[in-house]
Trainee: 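Please find one structure pasted underneath; my questions will follow.
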2 protein chains.
Amino acid sequence: MATLSAGTASSPHPAFDVFARGCPSRSTLEHVTGRWGALTLGALYEGTLRFNELRRRVDGVSEKMLSQTLHALERDGLVLRDARPTNPPRVDYSLTPLGRKVAERLRALISCLESGMDEVMAARERYDARESA
Amino acid sequence: MATLSAGTASSPHPAFDVFARGCPSRSTLEHVTGRWGALTLGALYEGTLRFNELRRRVDGVSEKMLSQTLHALERDGLVLRDARPTNPPRVDYSLTPLGRKVAERLRALISCLESGMDEVMAARERYDARESA
DNA sequence: CAGCATCCATATTGATACTG
DNA sequence: CAGTATCAATATGGATGCTG
């Protein structure tokens, strides 16, 4: 067994395996956990948002990155894009059912991390003290 | 409310907030979800591993990236590094209790993604057909 | 074995300007 | 408003060579 193909999370022989180099699920994982993917899904979990609303809510994204992120998530079927042919244009972004499930897991991870941050900070101090010595 | 500070996952006013630009938890999230962080935690979830074992199991990591990833995770208190002063040297990596909790959430996310991949693939085809038209 | 230091190609990202 | 296009800055990643 060269890669982490077997023994993964739920199933011993999943049809798709994130741990394998060429698996499509690996790219999806990257879209989801990427720098802006996680924040974008997190923001949309709270409700439908328009492009510029999203931009304001996700602290630090550039127009380009948000656009790119949204395209990737839409392509993966996690985000729904609803463009109304009005003038001025109005585009609403929301989560698909699958996107919602994924966002939930993501939030579980995030909240786990947030509540563990005191421990993380303490570990960092110990590490830095030890290394600088 | 300019950022995603409020209304986050579990608590309305978390002490640490991943969504805020300068929050330390954001960097931890990046270590955890980063390209190699997720795979590394996933691998260690299955048991203690030595450096080169880890390198073989995480398909595609370079020595440098694995080293870097391991340092970041160790500093954050998620991974434990146990170096025995033997010759040849032997270093065992394992998860701390916090690391284990985080890895669990990560695996939940991953397995959610893996079981949704059929849907993802279908969405991709629809998207590509639509866009190329 | 377990790594660190260095160099370099390339991928990501961010500003800026422009369009429908 | 909702983006796309382009260019420059930067970060990332990998190959190589060396050490304890």
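Residue numbers begin at 1 in each chain, while the letters A, B, ... track the order of the sequences. Values reported hereafter were calculated over all heavy atoms of this structure, with side chains retained and with hydrogens, waters and symmetry mates removed.
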Trainee: Just to verify, what does R55(A) make a side chain to side chain contact (heavy atoms under 4.5 Å, CB included) with, not counting sequence neighbours?
Mentor: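 By the side chain to side chain contact (heavy atoms under 4.5 Å, CB included) rule, R55(A) matches F51(A), N52(A), E63(A), L66(A).
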Trainee: Please give, in whole Å, the distance from dG3(D) C1' to R90(A) CZ?
Mentor: 16 Å
Trainee: Flag the pair D92(A) and R81(A) as a salt bridge only when some basic side-chain nitrogen lies within less than 4.0 angstrom of an acidic carboxylate oxygen.
Mentor: no
Trainee: Does this structure show an ion pair linking D82(B) with R84(B), if we count only N-O contacts that are shorter than 4.0 Å?
Mentor: yes
Trainee: As an exercise, state the distance from NZ of K101(A) to CG of L95(A), rounded to the nearest 0.5 Å.
Mentor: 13.0 Å
Trainee: May I ask you to say what R81(B) touches in the nucleic acid, namely base, sugar-phosphate or nothing, with a heavy-atom cut-off under 4.0 Å?
Mentor: sugar-phosphate
Trainee: For D17(A), is there an ion pair with R26(A) - N to carboxylate O distance below 4.0 angstrom?
Mentor: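 Result for this pair is no, no salt bridge flagged.
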Trainee: Hunt down any stem DNA chain C takes part in, defined as 3 or more consecutive Watson-Crick or G-U pairs whose two distances are each under 3.5 Å.
Mentor: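 Stems for DNA chain C, defined as runs of 3 or more consecutive pairs: C:1-20 with D:1-20.
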Trainee: For S27(A), enumerate each residue passing the side-chain hydrogen bond (donor to acceptor under 3.5 Å, both in side chains) test, keeping only those at least two apart in sequence or located in another chain.
Mentor: R124(B)
Trainee: How far apart are the closest heavy atoms of M121(A) and P24(B), and which atoms are they?
Mentor: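 Between these two residues, the closest heavy atoms are SD-CB, 3.8 Å.
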Trainee: Is there a donor-acceptor contact under 3.5 Å from the side chain of T48(A) to the main chain of S94(A)?
Mentor: no
Trainee: Distance-only, no hydrogens or angles: does the E114(A) side chain make a donor-acceptor pair with backbone N or O of V18(B) under 3.5 Å?
Mentor: yes
Trainee: Quick one: are T33(B) and L106(A) in side-chain contact, heavy atoms under 4.5 Å?
Mentor: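 No; the side chains remain at least 4.5 Å from each other.
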Trainee: Measure CZ/R55(A) against C1'/dC1(D) and give the value in whole Å, please.
Mentor: 12 Å
Trainee: Just the endpoints, please: which first and last nucleotides of DNA chain C, 5' to 3', lie under 4.0 Å from a heavy atom of chain B?
Mentor: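 Result: dC1(C) to dC7(C).
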Trainee: Any residue in residues 61-72 of chain B with a heavy atom nearer than 4.0 angstrom to DNA chain D? Just list them by number, or reply none.
Mentor: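 Close to the strand are S62(B), E63(B), K64(B), M65(B).
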Trainee: Mind running a 4.0 Å heavy-atom check of residues 47-54 of chain A against DNA chain D and sending the residues that fall below it, in number order?
Mentor: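 Going residue by residue through residues 47-54 of chain A, the ones with a heavy atom under 4.0 Å of DNA chain D turn out to be R50(A), F51(A), N52(A).
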Trainee: Nearest 0.5 Å, what's the CZ-CG distance between R57(B) and L44(B)?
Mentor: 9.5 Å
Trainee: Quick one: do R107(A) and E46(A) make a salt bridge, cutoff under 4.0 Å?
Mentor: yes
Trainee: For the pair made of OH in Y93(A) and P in dC1(D), what is the distance, rounded to whole Å?
Mentor: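 Going from OH in Y93(A) over to P in dC1(D) covers 14 Å.
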Trainee: Check the distance between dA11(D)'s P and W36(A)'s CH2 and give it to me in whole angstrom.
Mentor: 14 Å
Trainee: CZ/R105(B) to CG/L113(A) distance, rounded to the nearest 0.5 angstrom?
Mentor: 10.0 Å
